[in-house]
Colleague: 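Take this structure first; my questions come after.
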Amino acid sequence: MAKGTAFVIGATGQIGRVAVRVLAEDGWEVRAASRGGGSDPGWPEGVRPLALDRGAEGELAAALGAGCDVLVDMVAYDGGHARQIASLADRVGSAVVISSGAVYEDERGRSFDTQGEPDGSPRYPLPIPESLATVEPGDRTYGTRKIQLERELLASPLPSTLLRAGAVHGPHCRSPRELFFVKRALDRRPVRVLAYGGASRFHPAHVANIAELVRLAALRPGSRVLNAADPQAPTVAEIGAAVDEVLGVDSETVVFDGAPAEGSTVGLTPWSAPHSVVYDMAAAERELGYRPVTGYVESLPATVASIVDRLGGGDWREAFPGMANYPDLFDYAAEDAWLAAR
């Protein structure tokens, strides 16, 4: 007998692919909605893919039909999406929605949004509890839109679990941070330079662990916010060493204290920051009985393989255009000049 009906929005995205599979394997009847209406070879028989443009007037309500027991939304972004979901409360039992750890701010009001300002890097408590203050809701940034999403859903009559995800990783990622080390290994780059002593930590969240939280929240409806992250938060130096191990290379790691010199990006990585970001998972363990299904190092081989496969020997900017938003990831000439001058 099925546990119930699940309707997943964003089903072919990085997290959605795994969540659909996990829910179906757990006994849910799953309708898997995405813009293109595609499917995944890992999904069990019985999953029903469908095309959905949630931005088209009335299309989500029409696709939902008589309703579902749980609506799982991977791509909800702001207050408009919150109101769209809440408007369906008469035919949805509960919702599980992906939010972000980017909503937090420290005691001085610093957040991910202030990192580009002088002394703007947040200094969060370690680990970060869900009770920590957040940015104010609004339309200005990713974080302010996500907290707007959270607050409007939590104020609605629909029981909604919001999962504040860390640095999402795993196969099918469009902007994999691991590319920083994978490409260096493939290029036979013998050395990498890391700022902040190589000790920066930005808590990763594997798609399988987020999917497990989705599964558990679907079984225990309620209105709550929970962090979503892996059991470990490795340093950037540890991540580099782990990628080397997967690819069978041995790179020298050179570190220096503090930030790069003004105007330089040598030493910066997609994880780098003056202060670490680590999320507290105690509430998820307590409220949902959550236990992680994988760790960062254990999951890394599949992540690395997917990056290598997508690169295919071509230009990394074409394979992962989103990573071009980071400044000068592979400026080897600048690194060599810095190494020669030290």
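These values consider heavy atoms only, across backbone and side chains, with no hydrogens, waters or symmetry-generated copies. All figures in this text were calculated on a predicted structure; none of them were measured in a lab.
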Colleague: Tell me yes or no: between the side chains of Ser99 and Glu150, is some donor less than 3.5 Å from an acceptor?
Modeller: yes
Colleague: Relative to each other, are the rings of His206 and His169 parallel, tilted or perpendicular (30° and 60° limits)?
Modeller: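 It falls in the perpendicular class, over 60°.
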Colleague: Run the salt-bridge test on Arg21 and Asp40 with the 4.0 Å N-O cut-off and return the result as yes or no.
Modeller: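 Looking at Arg21 and Asp40, the cut-off is not met.
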Colleague: Rounded to the nearest 0.5 Å, what separation is found between the CH2 atom of Trp28 and the CG atom of Asp69?
Modeller: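 Separation between the atoms: 5.5 Å.
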Colleague: Would you please name every residue forming a side chain to side chain donor-acceptor pair (under 3.5 Å) with Glu298, sequence neighbours left out?
Modeller: none
Colleague: Look at the side chain of Glu238 and the backbone N and O of Thr235, then say whether any donor-acceptor pair between them is shorter than 3.5 Å.
Modeller: yes
Colleague: Is the terminal nitrogen or CZ of Arg184 (NZ for Lys, CZ for Arg) located under 6.0 angstrom from the six-membered ring centre of Phe180 and within 45° of that ring's axis?
Modeller: yes
Colleague: Any side-chain donor paired with an acceptor under 3.5 Å for Arg151 and Thr134?
Modeller: yes
Colleague: After noting the C-alpha distance and the side-chain angles of Tyr326 and Phe320, does the key distance pass the ring pair (Phe, Tyr, Trp, His ring centres under 6.0 Å) rule?
Modeller: CA-CA 11 Å; Tyr326 291 98; Phe320 301 105; over 10 Å; no
Colleague: Can Arg108 and Asp106 be counted as an ion pair, charged N to O under 4.0 angstrom?
Modeller: no
Colleague: With distance as the sole test, does Asn227 use its side chain to make a donor-acceptor pair with the main-chain N or O of Ile128 at under 3.5 Å?
Modeller: yes
Colleague: If every non-hydrogen atom of Gly170 is compared with every non-hydrogen atom of Thr303, which pair is closest and at what distance?
Modeller: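 Closest pair (atom of Gly170, atom of Thr303, distance): CA-OG1, 3.3 Å.
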Colleague: Passes side-chain contact (heavy atoms from CB on, under 4.5 Å), Val207 versus Val168? Steps please.
Modeller: CA-CA 7 Å; Val207 290; Val168 180; 3.9 Å; yes
Colleague: At what distance, to the nearest 0.5 angstrom, does OG1 of Thr144 lie from CG of Asp78?
Modeller: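 That separation rounds to 9.5 Å.
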Colleague: Which atoms form the tightest heavy-atom contact between Ala165 and Ile210, and what is the distance?
Modeller: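 For Ala165 and Ile210, the tightest heavy-atom pair comes out as CB-CD1, 4.1 Å.
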Colleague: What verdict does the side chain to side chain donor-acceptor pair (under 3.5 Å) test give for Tyr142 and Asp113, after you've listed the backbone C-alpha separation in whole Å, the side-chain angles of each residue and the deciding distance to 0.1 Å?
Modeller: CA-CA 8 Å; Tyr142 178 80; Asp113 294 339; over 6 Å; no
Colleague: Might you work through the side chain to side chain donor-acceptor pair (under 3.5 Å) test for Ser100 and Arg164, ending with a clear yes or no?
Modeller: CA-CA 4 Å; Ser100 171; Arg164 291 175 174 170; over 6 Å; no
Colleague: Please report the closest heavy-atom contact between Val96 and Ala218, naming both atoms and the distance.
Modeller: CG2-N, 4.0 Å
Colleague: So which pairs with a foot in residues 276-285 pass side-chain hydrogen bond (donor to acceptor under 3.5 Å, both in side chains), sequence neighbours left out?
Modeller: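 Residue pairs passing side-chain hydrogen bond (donor to acceptor under 3.5 Å, both in side chains), neighbours aside: none found.
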Colleague: Only counting residues at least two apart or in another chain, list the ones meeting salt bridge (charged side-chain N to carboxylate O under 4.0 Å, His left out) with Asp244.
Modeller: Arg192
Colleague: Going through the checks in order, is the salt bridge (Lys or Arg N to Asp or Glu O under 4.0 Å) test met by Glu59 and Arg54?
Modeller: CA-CA 6 Å; Glu59 190 163 325; Arg54 72 176 312 159; over 6 Å; no
Colleague: Closest heavy-atom contact between Ser175 and Gly322?
Modeller: OG-CA, 3.5 Å
Colleague: Can you name the closest pair of heavy atoms from Leu126 and Arg201 and give their distance?
Modeller: CD1-NH2, 4.1 Å
Colleague: With a 4.0 Å cut-off on N to O distance, would you call Arg110 and Glu105 a salt bridge?
Modeller: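 No, this pair does not count.
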Colleague: Is there a donor-acceptor contact under 3.5 Å from the side chain of Arg177 to the main chain of Ala167?
Modeller: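 It does not hold such a pair.
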Colleague: About how many Å separate CG of Leu60 and CD of Gln84, when rounded to the nearest 0.5 Å?
Modeller: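 With rounding to 0.5 Å, CD (Gln84) is 4.5 Å from CG (Leu60).
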Colleague: Quick check: closest heavy atoms across Pro122 and Phe112, and the distance to 0.1 Å?
Modeller: CG-N, 4.3 Å
Colleague: Does Lys146 qualify as a cation-pi partner of Tyr77, given the criterion of NZ or CZ under 6.0 Å from the six-membered ring centre and within 45 degrees of its axis?
Modeller: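 Output no; distance or angle outside limits.
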Colleague: Assess whether salt bridge (Lys or Arg N to Asp or Glu O under 4.0 Å) is satisfied between Asp336 and Arg189, documenting all intermediate values.
Modeller: CA-CA 11 Å; Asp336 288 340; Arg189 181 76 179 159; 2.7 Å; yes
Colleague: Given Thr114 and Ser111, is the side chain to side chain donor-acceptor pair (under 3.5 Å) satisfied, shown in steps?
Modeller: CA-CA 5 Å; Thr114 63; Ser111 68; 4.5 Å; no
Colleague: Who pairs with Glu212 by salt bridge (charged side-chain N to carboxylate O under 4.0 Å, His left out), at least two apart in sequence or on another chain?
Modeller: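 Salt bridge (charged side-chain N to carboxylate O under 4.0 Å, His left out) check on Glu212 returns Arg215.
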Colleague: Side-chain heavy atoms under 4.5 Å apart, restricted to Ile/Leu/Val/Met/Phe/Trp/Tyr: what other residues fall into the cluster of Trp338, or is it alone?
Modeller: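 Other cluster members: Val191, Val193, Val254, Phe256, Val266, Leu339.
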Colleague: Any chance you could pull the hydrophobic cluster mates of Tyr196, using side-chain heavy atoms under 4.5 angstrom and chaining through other members?
Modeller: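 Leu268, listed by chain and number.
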Colleague: Give a yes or no on whether the backbone of Ser160 and the side-chain of Arg224 come within a donor-acceptor separation of less than 3.5 Å.
Modeller: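 Such a contact is absent between Arg224 side chain and Ser160 backbone.
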Colleague: Compare all side-chain heavy atoms of Ile147 with those of Glu136 and state whether any distance is below 4.5 angstrom.
Modeller: no
